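Input: a single structure, listed below in structure tokens.
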Amino acid sequence: MFENIIRRRAGNYPDAVALETPQAKITYRRFAQDIERVAAHLQQYNPEAGSVALISDSRPYVHWLLFFALERHGCVSVSDDSSGDTARLVQPQLILGETADQAHLAPLFVHVTPDWLAAAFAGTGAAPRRESRGDDVVRIVLSSGTTGTPKQIALERDHVDAWLMQGLAAPMPFKPRSLAVMGMNTGAYTTALSTWIMGGTVLYPSGISVAEAMVTLRPNYSVMAPIQLRHIIETLPADFAMRDDLRIVLSGSATPARLVELARERLTDDLLFVYAATEVGIVGSGPAKRLSGETGATAFISPWAEAEAAGPSGEALPMGETGRLRVRGPAMARGYLGDSEQGGSRFADGWFYPGDIGRVHENGLIVIEGREDEVLNLGGEKVSAWAIEELLLTDPAIKDSAAFALPDAHGLPRLHAAMVLEGEASAYRVPAKLEQQLPAPITLHPVQHIPRNPRGKIERQKLIAIIQGSAA
């Protein structure tokens, strides 16, 4: 389905705007024509069906042209991230790059210069259409989780199509103006595809901040991680008027309760939580105003998905009991590429284990209590790092926080937390009421920022290295 979206919409709404930046507007008609031309121009390199092709291009429109053109040739596309390490991980047969920095990392490299694009757009040929199958692998997405260890997820055509249909149930408005703030290297690229299914416009804040884009591009829909929402709120103009026509979908990591309050005061009251993973698709969703009454309340299970808590031996636990959450649905991938050990621990018995600790209630409410790999063992007492962070963030003086454990002089683990403060660090003291609620004495470390991956998840090992380095 997804490979036909632009062509179909070019027939329905040829002059409607498909992609917009502050500098340009691209209609569906032009988009469809340029995809044909770029696909035809790629024929000179004889790309093989099933080969892996890396797109390393920061220009949104060019990136999408290459994405659709590669699909026409049956290639498996993967988008580079900001680290530039993707090529070394996936070992592509072909790289299409905006710069020549990665020319040595693949057997075939295509330098996508302005002259290359001009030659493609001037062409008159067309790439042959291939017979497509639902089990064709069409996309590789990297999912790092909280460990920072990249894992390759191979998505088949049917998985991508299922993702798209689930995305429409968010729901999107008809002909949405969807602001893209998450990278193409994440599962969020499906948001753009869903937008085009609805005949809408995907907005890219090229050359301006996302907060400026909220004003100048006037989006009415956007999917983002909590860290991106916080940045938008912090940089909004003082005279920004609340938007009652804007829906923000939050996914990727837990959203602190205070951030939800700030968003509803400064940006929009229409916040939707989505519980999803690239490995399995959308599992559930729910409006923040309905979920804010219970700590950790994340989403209500979607009709197409299943979710339950499992015990230590893999047994299904009764409703309301806490255990390892496991989920499944029609968009679930088969496993990770080249990582059988990790795949075995995450994909088992027809379920995907996202690494969350939580419970599922009779009404389908999913409540997250923490992450498996973020439980801090304080000399036998186990506490959730997420719970500590939520508690610290109830203090308005703390903008961001990350809890972790470090050994003391006797080798015993002690509770620590990094924090980003609103004011002067030397003047900060933990309020007595807050200190009484902590499960153990805590050592606080003022920092300028908390390192996070593109999905907004805390990179704890990197943070600990920073803290230990500054103390050395």
Side-chain angles (χ1 to χ4, degrees), residues 83 85 143-151 225-227 230 252-259 295-296 322 324 341-342 345 354-358 368-472:
S83 72
D85 292 334
S143 175
S144 63
T146 55
T147 65
T149 304
K151 299 181 285 291
I227 189 67
R230 191 189 73 191
S253 62
T255 305
R258 190 156 63 85
L259 179 59
T295 300
T322 298
R324 291 181 72 201
E341 181 179 346
Q342 181 71 307
S345 64
D356 292 318
I357 301 295
I368 306 295
E369 299 180 14
R371 295 277 302 170
E372 289 182 78
D373 51 8
E374 293 181 355
V375 174
L376 307 179
N377 190 337
L378 305 178
E381 181 181 5
K382 295 182 179 180
V383 301
S384 164
W386 176 80
I388 299 296
E389 290 151 9
E390 275 284 285
L391 186 59
L392 291 173
L393 288 173
T394 60
D395 183 355
I398 301 177
K399 293 169 59 178
D400 198 8
S401 68
F404 54 95
L406 283 178
D408 63 12
H410 304 288
L412 297 174
R414 300 298 183 192
L415 182 60
H416 292 248
M419 57 182 186
V420 179
L421 294 168
E422 290 279 4
E424 176 59 42
S426 60
Y428 180 76
R429 296 292 182 273
V430 180
K433 185 177 179 181
L434 178 59
E435 197 167 24
Q436 292 170 4
Q437 298 178 64
L438 291 168
I442 190 168
T443 300
L444 296 175
H445 305 267
V447 295
Q448 293 297 313
H449 76 283
I450 306 292
R452 297 175 182 270
N453 69 14
R455 298 158 186 81
K457 295 179 180 178
I458 296 169
E459 297 180 313
R460 294 186 197 275
Q461 294 307 312
K462 184 180 292 186
L463 173 63
I464 291 171
I466 293 171
I467 296 297
Q468 290 177 325
S470 62

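Remember, predicted model here, so these are calculated numbers, not experimental data.
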Next item on the list: Search all heavy atoms of Leu259 against all heavy atoms of Pro226 and return the closest pair with its distance.
Entry: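 It is CD2-O, 3.3 Å.
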Checklist line | Minimum-distance pair of heavy atoms, taken over all atoms of Pro451 and Ile466 | finding: CG-CD1, 4.3 Å
Next item on the list: List the steps and the verdict of side-chain contact (heavy atoms from CB on, under 4.5 Å) for Thr394 and Arg258.
Entry: CA-CA 7 Å; Thr394 60; Arg258 190 156 63 85; over 6 Å; no
Could you pull out all donor-acceptor pairs under 3.5 Å where a side-chain atom in residues 428-445 meets a protein atom, sequence neighbours excluded?
| residue | atom | partner | partner atom | Å |
| --- | --- | --- | --- | --- |
| Tyr428 | OH | Asp395 | OD2 | 2.6 |
| Arg429 | NH1 | Ser426 | O | 3.3 |
| Gln437 | NE2 | Lys433 | O | 3.3 |
| His445 | NE2 | His416 | ND1 | 2.8 |

Notebook entry, point to check: Please, which pairs that meet salt bridge (charged side-chain N to carboxylate O under 4.0 Å, His left out) have at least one residue in residues 396-408, sequence neighbours excluded?
Noted result: Arg230-Asp400, Glu234-Lys399, Asp400-Arg452, Asp408-Arg414
Next item on the list: Kindly compute the distance separating OG1 (Thr255) from CD1 (Ile368), expressed to the nearest 0.5 Å.
Entry: 11.5 Å
Check: With Glu381, which residues qualify under salt bridge (Lys or Arg N to Asp or Glu O under 4.0 Å), at least two apart?
Finding: none
Item checked: Stepwise side-chain contact (heavy atoms from CB on, under 4.5 Å) check, Arg371 with Asp356 -> CA-CA 4 Å; Arg371 295 277 302 170; Asp356 292 318; 3.0 Å; yes
Check: If you draw a 6.0 Å radius around CD in Glu422, do more than 12 non-hydrogen atoms from other residues or ligands fall strictly inside?
Finding: yes
Please table the atom pairs, donor to acceptor, closer than 3.5 Å between any side-chain atom in residues 385-393 and protein atoms at least two apart or in another chain.
| residue | atom | partner | partner atom | Å |
| --- | --- | --- | --- | --- |
| Glu389 | OE2 | Ala403 | N | 2.9 |
| Glu389 | OE2 | Arg460 | NH1 | 2.7 |
| Glu389 | OE2 | Arg460 | NH2 | 3.0 |

Notebook entry, point to check: Which residues satisfy the side chain to side chain contact (heavy atoms under 4.5 Å, CB included) test with Pro446, sequence neighbours excluded?
Noted result: Met419, Leu421, Ala425
